[in-house]
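Provided herewith is a single structure, encoded as structure tokens, for subsequent inquiry.
Residue numbering restarts at 1 for every chain, and letters A, B, ... go by the order of the sequence lines.
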Protein chains: 2
Amino acid sequence: MKIAEPTVGRLVQYHRLLERLYMEGQKVVSSQEIGESLAFKASQVRKDLSYFGEIGKRGVGYHVEKLYKHINEILSSPRKWKLGLIGVGHLGSALLGYGALRNDKVEISALFDNDKSKVGKVFFGVECHHIDDAAKIICRDRIEVVILAVPSSAAQSCVDSIVSSGCVKGILNFSPISIVTPADVLVTSVDISVELEKLLFYLKEEEKKK
Amino acid sequence: MKIAEPTVGRLVQYHRLLERLYMEGQKVVSSQEIGESLAFKASQVRKDLSYFGEIGKRGVGYHVEKLYKHINEILSSPRKWKLGLIGVGHLGSALLGYGALRNDKVEISALFDNDKSKVGKVFFGVECHHIDDAAKIICRDRIEVVILAVPSSAAQSCVDSIVSSGCVKGILNFSPISIVTPADVLVTSVDISVELEKLLFYLKEEEKKK
DNA sequence: GTGTGTGAAGTGGTTCACAGCG
DNA sequence: CGCTGTGAACCACTTCACACAC
């Protein structure tokens with residue numbers, strides 16, 4: 001069955017919450033309680049969880065450990081994904097140092113940058129290569145996922161060269177531009193300036209109301 | 001009229017594209033062409049643009065300069081927003097150095113961190129204060145928008161203290177946790193690890209298909 | 001009684017299809 | 001004739017409401 005994107009996003013959040021509840025020793029949790037913690041409707045939580053079979057107990061709630069492990073299974077990876085990070089500037093190094101990538105599902109195997117002063121250096125234990133060698137190294141090291149943190153002017157040409165390697169299956173794009181890829185390469189984009197602009201737009205709208 | 005969130009996001013992207021086309025000297029553009037550049041359907045582009053009156057010419061397309069200035073107007077701010085950034089770690093400093101905040105709609109006025117070794121120092125021309133002084137300084141400097149780039153364990157208490165100042169109208173949250181705020185404080189969240197997990201989930205699904 | 005699971009209804013956003021204007 | 005503007009159809013996701021299991 002196809003699981004909708006918003007549902008997957010919420011599953012990740014349930015997973016996080018349950019991990020915490022589990023650590024705290026809580027045994028049982030209701031859809032109501034999950035909803036309040038994460039600002040979702042209880043009915044939404046139940047619907048999301050029901051996609052994967054009857055996991056809760058009527059009149060009781062969900063068993064924290066069981067549900068945690070269940071969602072863990074749903075989100076689990078067949079193996080550790082090898083990641084490449086292109087662009088070791090401010091944002092790229094932030095991502096490197098950031099918790100999001102210190103995760104047992106992924107492993108950063110290589111860095112790439114066009115700045116020759118960075119090439120050959122090691123950042124957070126990972127070596128930086130020149131961007132021109134990206135396709136070659138991605139193939140050699142069996143890298144399947146690429147995080148793109150380069151300026152918009154460089155984004156598309158980076159994409160073209162790594163896609164040409166034929167090894168890349170997914171791209172997490174942080175460049176403020178929409179990139180084009182063959183249909184078999186999945187792309188998720190995080191556009192920070194769009195998010196900021198959206199917030200500012202609605203702030204302005206709020207102000208106009210008054 | 002209420003403009004839907006996805007529409008606002010696309011407007012920001014139209015704006016960027018038109019700026020480029022305008023610089024390049026292109027005079028006219030069709031919904032078709034905009035759609036191809038940004039990977040949206042032409043009908044979607046036309047619907048989005050039609051919310052703001054008849055701005056295109058039938059049989060011709062949209063006048064680049066006119067449309068650019070029109071969208072500029074829609075997205076314009078009543079004034080420069082003053083921003084505070086909480087959390088001058090990897091991600092926070094990346095955001096500081098990053099282009100998204102070098103924008104004539106916003107101005108970073110203050111930084112906050114709980115690390116005493118950072119307090120009193122200046123980063124990218126902006127002084128860092130202790131987080132405990134945040135509410136006070138936010139009021140004093142009339143800061144209305146706060147960017148939150150702290151670990152999830154600290155997020156909610158930061159939110160509570162800055163919201164208590166009564167001056168904050170919007171929060172751009174980068175912490176991997178959902179925060180609760182009074183209804184009159186707008187929140188936009190960018191959850192990098194959720195985005196990564198979503199990508200990995202769909203990569204796994206793709207693999208299962210084969 | 002309590003809280004889940006779920007069909008059905010509702011809501012919001014996208015896409016179609018074509019009338020209408022340049 | 002070409003491309004926009006737009007009501008209507010469509011689709012996807014959310015919420016409701018209640019039967020059902022504990």
inquiry  = Please pick, from dT6(D), dT14(D), dC18(D), the nucleotide with the shortest atom-to-atom distance to any side-chain atom of Ser50(B).
reply    = dT6(D)

query = Can you tell me how far C1' of dG3(C) sits from CD1 of Ile55(A), to the nearest Å?
reply = 15 Å

request  = Nearest whole angstrom, please: distance from the P of dT4(D) to the CG of Asp48(B).
outcome  = 13 Å

note = Separation of dC18(C) atom C1' from Arg46(B) atom CZ, nearest Å, is 10 Å

query = Which part of the nucleic acid, if any, lies within contact of Leu49(A), taking any heavy atom under 4.0 Å across all strands shown: a base, the sugar-phosphate backbone alone, or nothing?
reply = nothing

message = Which residues in residues 56-72 of chain B have a heavy atom closer than 4.0 Å to any atom of DNA chain C?
response = Arg58(B)

inquiry  = I'd like to know if Lys69(B) and Glu65(B) make a salt bridge, using a cut-off of under 4.0 Å between side-chain N and carboxylate O.
reply    = yes

query = Once the angle between the rings of Tyr68(B) and Tyr22(B) is folded into 0 to 90°, is it parallel (under 30°), tilted (30 to 60°) or perpendicular (over 60°)?
reply = tilted

task = Please state whether the rings of His129(B) and Phe112(B) are parallel, tilted or perpendicular, taking 30° and 60° as the class boundaries.
result = tilted

query = So, Lys198(B) and Glu195(B), do they make that salt bridge, N to O below 4.0 Å?
reply = yes

Non-hydrogen side-chain atoms of Val159(A) and Val180(A) separated by less than 4.5 Å = no

query = Heavy atoms, side chains only, cut-off 4.5 Å: are Gln44(B) and Arg10(B) in contact?
reply = yes

ask   = Expressed in angstrom and rounded to an integer, what is the separation of Lys2(A) atom NZ from dA12(D) atom P?
value = 9 Å

inquiry  = Rounding to an integer number of Å, can you tell me how far Glu36(A) CD sits from dG3(C) P?
reply    = 11 Å

message = What I want to find out is whether Lys204(A) reaches Glu207(A) closely enough, with some N-O distance under 4.0 Å, to be called a salt bridge.
response = no

key: Between dT6(D) (P) and Gln44(B) (CD): distance, integer Å   = 15 Å

request  = Starting at atom CD of Glu54(A), determine the distance to atom P of dA21(D), rounded to an integer number of angstrom.
outcome  = 9 Å

ask   = What integer distance in Å separates Lys47(B):NZ from dA9(D):P?
value = 13 Å

task = Specify the residues of residues 23-35 of chain A, ordered by number, for which at least one heavy atom lies under 4.0 angstrom from an atom of DNA chain C.
result = Ser30(A), Ser31(A)

key: Flag side-chain contact, heavy atom, 4.5 Å: Leu172(A) against Val190(A)   = yes

ask   = Any salt bridge between Glu19(B) and Arg16(B), counting N to O under 4.0 Å?
value = no

